**Q** 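Starting off with a structure, shown below.
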Amino acid sequence: MIKDNKNSLRAIILTGLFAAIIYIGIWVLRIPIPALVGRPFIHFGNTLTAVAILFLGLRNGMLAGIIGLGGFDILNGYAATSWLTMLEVVVVAFVITGMLKAFNYQDTKKNIIIIAVVTGITKIFTTYCVSLVEALMAGSFLKAALIASFVSLPATVVNSISTAILTPILYFFVKKVYTSLRKNPNKSY
């Protein structure tokens with residue numbers, strides 16, 4: 001996690017950069033999956049949001065995720081349920097931050113892998129809840145909504161597996177690049 005003040009210019013710029021990367025990570029690569037509820041697709045937005053939260057901390061990482069994922073939803077035909085996506089980011093941000101706190105903010109490989117796996121599992125749960133709310137909003141009965149939401153989980157499971165695998169890889173890559181740039185600010189890349 002960066003040690004800058006969360007209101008510093010550097011932290012604000014990194015928050016905006018992560019928000020843009022999250023948006024682009026969804027926009028560039030999304031593979032639609034047929035489902036009974038909603039229009040799910042495979043993408044890297046969840047992974048990038050998890051990395052943003054790990055790297056920027058609770059507030060700024062959560063803001064980057066809300067802006068990136070929520071912004072994508074608003075601008076790409078999911079505006080009616082974008083609030084649910086943003087709520088998912090809040091839940092994931094608190095889970096990640098709570099786990100980091102439980103690990104005394106030690107970002108060892110083992111801890112980050114555990115956090116990534118729990119984040120993936122959390123996304124399965126939150127997405128199931130979102131699908132349930134979407135089905136109920138569309139007028140389904142509760143029993144039908146529960147079943148349809150469960151049957152609509154394949155894209156979420158794939159996204160969660162990719163989150164569990166890619167989050168540690170990307171987090172340590174971003175951390176290494178950031179540390180390198182901070183040590184050699186005048187070095188040309």
Side-chain angles (χ1 to χ4, degrees), residues 1-8 10-26 28-30 40-73 84-131 153-182:
M1 192 157 37
I2 62 170
K3 302 294 183 203
D4 292 346
N5 176 337
K6 61 186 173 187
N7 294 323
S8 72
R10 181 187 334 268
I12 293 169
I13 289 170
L14 288 171
T15 302
L17 180 64
F18 267 103
I21 290 169
I22 291 165
Y23 182 95
I24 291 168
I26 304 168
V28 170
L29 179 69
R30 61 184 154 150
F41 50 88
I42 298 168
H43 61 87
F44 292 110
N46 299 327
T47 300
L48 296 168
T49 298
V51 172
I53 295 163
L54 285 167
F55 189 73
L56 298 173
L58 175 66
R59 189 191 83 171
N60 290 14
M62 186 169 51
L63 281 173
I66 287 171
I67 293 166
L69 289 170
F72 177 86
D73 281 3
L84 292 167
T85 301
M86 294 178 204
L87 190 57
E88 278 188 281
V89 172
V90 171
V91 171
V92 168
F94 277 103
V95 167
I96 290 173
T97 306
M99 291 192 67
L100 265 176
K101 186 176 182 178
F103 291 137
N104 294 317
Y105 298 98
Q106 299 297 312
D107 62 349
T108 64
K109 287 182 182 179
K110 176 186 169 190
N111 291 350
I112 297 300
I113 289 169
I114 292 169
I115 290 170
V117 169
V118 171
T119 299
I121 293 167
T122 301
K123 277 301 291 178
I124 292 171
F125 174 74
T126 60
T127 303
Y128 177 77
C129 292
V130 164
S131 294
L153 284 176
T156 300
V157 171
V158 172
N159 284 334
S160 295
I161 291 169
S162 71
T163 297
I165 294 169
L166 295 175
T167 296
I169 294 167
L170 287 175
Y171 172 73
F172 287 111
F173 174 75
V174 168
K175 182 179 174 184
K176 183 178 179 181
V177 169
Y178 182 77
T179 303
S180 174
L181 290 172
R182 294 282 292 158

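On a predicted model such as this, the values are computed, not experimentally measured, just so you know. This chain uses plain numbering: 1 for the first residue, then up along the sequence.
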**Q** Does the side chain of T163 pick up a donor-acceptor pair with the side chain of N46 at under 3.5 Å?
**A**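 Per modelled atom types, T163 and N46 side chains form no pair under 3.5 Å.
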**Q** Side-chain contact, heavy-atom cut-off 4.5 Å: L54 with T167?
**A**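 A side-chain contact under 4.5 Å exists here.
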**Q** Less than 4.5 Å apart, any side-chain heavy atom of T85 and any of V130?
**A**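 No, too far: nothing below the 4.5 Å cut-off.
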**Q** Output the distance between atom CG (N159) and atom OG1 (T47), rounded to the nearest 0.5 Å.
**A**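 Rounded to the nearest 0.5 Å, the CG-OG1 separation comes to 7.5 Å.
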**Q** To the nearest 0.5 Å, how far apart are CD1 in I53 and CG in L63?
**A**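 One finds 10.0 Å between CD1 of I53 and CG of L63.
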**Q** Examine distances only and state if a side-chain atom of N104 and a backbone atom of Q106 form a donor-acceptor pair shorter than 3.5 Å.
**A** no
**Q** Please answer whether the main-chain N or O of K176 pairs with a side-chain N or O of S180 as donor and acceptor at a distance below 3.5 Å.
**A** no
**Q** Are any of the side-chain heavy atoms of R59 and N7 separated by less than 4.5 Å?
**A** yes
**Q** Measure the OG1-CD1 distance between T119 and I124 for me, rounded to the nearest 0.5 Å.
**A**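 Spacing of OG1 (T119) from CD1 (I124) equals 11.5 Å.
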**Q** Within the side chain of T126, is there an N or O that forms a donor-acceptor pair under 3.5 Å with the backbone of K123?
**A**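 Yes.
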**Q** Would you check if I115 and Y171 make a side-chain contact, meaning some heavy-atom pair closer than 4.5 Å?
**A**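 No - every pair of side-chain heavy atoms lies 4.5 Å or more apart.
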**Q** Find the distance between CG (L170) and CD1 (I165) and round it off to the nearest 0.5 Å.
**A** 12.0 Å
**Q** On a heavy-atom basis, which atom in A52 and which in I22 lie closest, and how many Å separate them?
**A**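 Minimum heavy-atom contact is CB-CD1, 4.3 Å.
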**Q** Name the orientation class of the two ring planes belonging to F18 and F55 (parallel below 30°, tilted from 30 to 60°, perpendicular beyond 60°).
**A** tilted
**Q** Got V90 and I66 here, is their nearest side-chain heavy-atom distance under 4.5 Å?
**A**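 Counting from C-beta outward, V90 and I66 do come under 4.5 Å.
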**Q** Under a 3.5 Å distance rule, please check whether N60 uses its side chain to pair with a backbone N or O of I12 as donor and acceptor.
**A**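 Absent.
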**Q** Working to the nearest 0.5 angstrom, can you tell me the gap between T15 OG1 and L56 CG?
**A**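 It comes to 4.5 Å.
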**Q** Are Y128 and T156 packed together at the side-chain level, in the sense that at least one heavy-atom pair is separated by less than 4.5 angstrom?
**A**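 They are not in contact (no side-chain heavy atoms under 4.5 Å apart), so the answer is no.
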**Q** So which heavy atom on G120 is nearest to which on S160, and how close?
**A** O-OG, 2.9 Å
**Q** Any chance you could measure R10, atom CZ, to L17, atom CG, to the nearest 0.5 Å?
**A** 13.0 Å
**Q** Contact between L69 and M86 at the side-chain level, heavy atoms closer than 4.5 Å - yes or no?
**A**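 No. Closest side-chain heavy atoms not under 4.5 Å.
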**Q** Taking all atoms of both residues into account, what is the closest heavy-atom pair of F94 and M62, and its distance?
**A** CE1-SD, 4.4 Å
**Q** Applying side chain to side chain contact (heavy atoms under 4.5 Å, CB included), run through F125 and V91 and close with a yes or a no.
**A** CA-CA 10 Å; F125 174 74; V91 171; over 6 Å; no
